[in-house]
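I have placed the structure first, in the form of structure tokens, so that the comments after it can refer back to it.
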Amino acid sequence: MNVLVCLKQVPGTTQVQIDSETNTLVREGIKNIVNPFDTYALEEGVRLKEQYGGKVTAISMGPPQAEEVLREAISTGADEAVLLSDSAFSGADTLATAYTLAQAINKTGEYDLIICGRQTIDGDTAQVGPELAEMLDIPVVTYVSRIEEIDNGQMRLQRMVEDGYETIETPLPALITVVKEINTPRLPSLRGLTKAKSAVIPVWDAAEIGADLNMVGRNGSATWVTRIFFPQRARQGEILEGSPEEQVETLINRLRDGQLI
Amino acid sequence: MTIQIDSDICTGCGNCLASCPFGLIDIIDDKAHIDEGCTLCGACQEACEYDAITIEAVTETVAVDDSHRGIWVFAETKGDRLKPVSTELVSKGRELADTLGTELCAVCFGHSLNETEQLFAHGADKIYLIDDPVLANHQEDIYTRQLARLIEQHRPEIVLAGATALGRSFIPRVAAILKTGLTADCTGLEIDTERRLLLQTRPAFGGNVMATIICQARRPQMATVRPRVFKKNTPDQSRKGEIISVDFNKESITSRTKILDFVEDLTEKVNIEDADIIVSGGRGLDKPENFKLIEELAAVMGAAVGSSRPPVDDGWIPYSHQVGQTGKTVCPRLYIACGISGSVQHLAGMQTSDTIVAINNDPNAPIFEVATYGIVGDLFEVVPLMIKKLKG
Ligand SMILES: Cc1cc2nc3c(=O)[nH]c(=O)nc-3n(C[C@H](O)[C@H](O)[C@H](O)COP(=O)(O)OP(=O)(O)OC[C@H]3O[C@@H](n4cnc5c(N)ncnc54)[C@H](O)[C@@H]3O)c2cc1C
Ligand SMILES: Nc1ncnc2c1ncn2[C@@H]1O[C@H](COP(=O)(O)O)[C@@H](O)[C@H]1O
């Protein structure tokens, strides 16, 4: 069972703050982390390897410092890792990201399963997984919450949809995206940490993966951001005055008058 | 792909500083500098009055194909019925089609479908319909191939779909086949009539900013929208349209994945999406056990319980209660936010609610900007008073 896991480095969001003077995001002191959903993808890959043998390769596209997430992946069970990094890759939308990952995956050769997170917490699109599968022309199952069985080149999965669970069967190779209900990621082991420290992580650029420069990064992106703005909402509502008792009294009267309660 | 600041032109005025959503620009020796991490979003370029900032001209390989016309809505079905998001999108699509002076078509796949005439009542001019037992449940492989094929044949300029489990899974695949752009979870859609561009707005960059995204050179322009983001228009039951039965060649498309079973989850039926009143709690509750207070208020009001993301992340309440960009979008008659600051991501999930009440001890909390009634105060004082008064 050869498993590829796609991981992205994202800014840890809990600390995101707005500087009220300059009205910009305060980036200082924000740690970069592995996209939380991708840690479940990795854990599932490692569990499959432990059960069925084979190996787990972690792949990430990002700036040079994204190497950190790959070392982290090795410390929690990945056997190998590849970083896709090139200034030509920057500004990629999901289409260009999926293309870049597909090129690299074609170069890594044989695989049985590709696992992605359900979505990233910065891009937040949940598009890269399905787009990547389509580019590789393999089946895809999203929102996987349990892998039930792998037998004879077929995999049976449980998948979460809005109103329940589907049981799906798919031939391998396939791509799945996983939700956090699927497992509890392990912490790095001492052995893993040592291995991560000394691991050599190859960095592949556009030439290395044979990428068409018109299909990667901003050049290859179909969508562009044209405007960024801080929503300016004029405060239109009513701030209720008085003591807490009076405020509550007024509120309930207003809601009753409006036949809301 | 690089961004450059022409130091001969740059005056060091600093106008670009505030435009960068990441705060990556510094003025060093009276010239602007951009730090590592730039996403080439172009916000600074727009802010610069001197045109000192350039993002290397993009050589698009695909010339804008201007022959695409019409707006399409993928109308999702469940059993023999339409999902509510389908009529919401048709309502929005009607507005956009009128602005562009073009036709609005719905695409509908399923079996023994009822209610398709509702798509006409809300504004569709045509429906491309495949009614076949094979499509009785959501066969994503088939949906993907068939929708891509139809788009290639009829060449609409815009395609909209619901950001549901189905839409989010198969629409990206359609976009990948067509090699075109797709914007997820839009909260605003407008038209630039001059360039016939769809202006797609969504919360972005993990902060309190909104981004407007365009798909400049490729067609169709594709976007997903969550249920309840757009309101339905008033249906006109006398409105008629044309149903085009699509030739469905079952043999030519087979599904690799098979749906073996479906189990409806009855435990998650607290469904906040259907609730008339929602009482939500946020990080201001401070401790998991304080959610009881929210539950108690909800109980006396006959309301459902919602949450912002931090309580969900911290395991105080299950994910099914989360309201917002990565949770559910809700549109109740009454939404009461307790100890919630009102981040862009939270607002994206609830700001179309009819009446919004905010209880927060910070008078500057952004939630007050959308609140119909605001109480600046301590929720631990205000909420018990409300409970007492309502119990009467
Ligand atoms: C990609 C992405 C997606 C996201 N998706 C979502 C989403 O779907 N939903 C969501 O909610 N968030 C989402 N977030 C997180 C979002 O950015 C905010 O961090 C979050 O909404 C903040 O939650 P909060 O308002 O409960 O907490 P805070 O922002 O910490 O606000 C707590 C508020 O409580 C008030 N307060 C404290 N004590 C009291 C008291 N005793 N009485 C009254 N008021 C009090 C404070 O004044 C403050 O305004 C997302 C973030 C990212 C990056
Ligand atoms: N730059 C990247 N490198 C590796 N994997 C990625 C990258 N971007 C997205 N992915 C994968 O695609 C999933 C969905 O991402 P998104 O479409 O951005 O929400 C993530 O959870 C990752 O598994």
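What you are looking at is a predicted structure, and each value in this text was computed from that prediction instead of being measured. Every chain is numbered from 1, with letters handed out A, B, ... down the list of sequences.
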Test salt bridge (charged side-chain N to carboxylate O under 4.0 Å, His left out) applied to A/Glu162 and B/Lys78, B/Arg168, B/Lys328, B/Lys83, the passing residue
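Going through B/Lys78, B/Arg168, B/Lys328, B/Lys83 one by one, the salt bridge (charged side-chain N to carboxylate O under 4.0 Å, His left out) with A/Glu162 is satisfied by B/Lys83 alone.
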
If I take atom [atom1] from residue [X] and atom [atom2] from residue [Y], how far apart are they, to the nearest 0.5 angstrom?
| X | Y | atom1 | atom2 | answer |
| --- | --- | --- | --- | --- |
| B/Asp261 | A/Gln158 | CG | CD | 9.0 Å |
| A/Thr223 | B/Met222 | OG1 | CE | 12.0 Å |
| A/Lys180 | B/Asp313 | NZ | CG | 5.5 Å |
| B/Gln345 | A/Ile121 | CD | CD1 | 10.0 Å |
| B/Ile171 | A/Glu131 | CD1 | CD | 11.0 Å |
| B/Leu334 | A/Leu260 | CG | CG | 5.5 Å |

Select one option (side chain, backbone, both, neither) describing which atoms of [X] are under 4.5 Å from chain B's heavy atoms.
| X | answer |
| --- | --- |
| A/Ala98 | neither |
| A/Asp137 | both |
| A/Val140 | both |
| A/Ile252 | side chain |
| A/Gln119 | side chain |
| A/Leu95 | side chain |
| A/Gln259 | backbone |
| A/Val161 | both |
| A/Leu251 | side chain |

So A/Leu255 and B/Val357, side chain to side chain contact (heavy atoms under 4.5 Å, CB included) or not? Walk me through it.
CA-CA 10 Å; A/Leu255 297 181; B/Val357 173; 4.2 Å; yes

State whether a side-chain donor-acceptor pair under 3.5 Å links B/Thr257 with A/Arg159.
no

Let me know if [X] has heavy atoms under 4.5 Å from chain A in its side chain, its backbone, both or neither.
| X | result |
| --- | --- |
| B/Ala175 | both |
| B/Met386 | both |
| B/Ser255 | neither |
| B/Thr372 | backbone |
| B/Pro363 | backbone |
| B/Phe170 | neither |
| B/Ile214 | both |
| B/Leu347 | side chain |
| B/Thr144 | side chain |

Looking only at heavy atoms and a cut-off of under 4.5 Å, which of A/Met135, A/Arg256, A/Arg254, A/Gln154 has the most pairs with chain B?
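When all of A/Met135, A/Arg256, A/Arg254, A/Gln154 are compared, A/Arg254 has the most.
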
Residue, of A/Val128, A/Ile138, A/Thr250, A/Leu132, that accumulates the most heavy atom pairs under 4.5 Å with chain B
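That would be A/Ile138.
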
Is there a side-chain contact between [X] and [Y] in this structure, where contact means two heavy atoms from C-beta onward sitting under 4.5 Å apart?
| X | Y | value |
| --- | --- | --- |
| B/Leu260 | A/Glu148 | no |
| B/Thr326 | A/Asp124 | yes |
| A/Thr125 | B/Arg202 | yes |

So A/Arg218 and B/Ile3, side chain to side chain contact (heavy atoms under 4.5 Å, CB included) or not? Walk me through it.
CA-CA 11 Å; A/Arg218 197 173 198 260; B/Ile3 183 159; over 6 Å; no

Heavy-atom neighbours of B/Glu190 CD exceed 12 at 6.0 Å:
no

Starting from the C-alpha separation in whole Å, work towards a yes-or-no answer on side chain to side chain contact (heavy atoms under 4.5 Å, CB included) for A/Val248 and B/Val382.
CA-CA 7 Å; A/Val248 168; B/Val382 174; 3.8 Å; yes

Which is it for A/Thr94 and B/Leu182 under the side chain to side chain contact (heavy atoms under 4.5 Å, CB included) test, yes or no, and what are the steps along the way?
CA-CA 8 Å; A/Thr94 60; B/Leu182 171 62; 5.5 Å; no

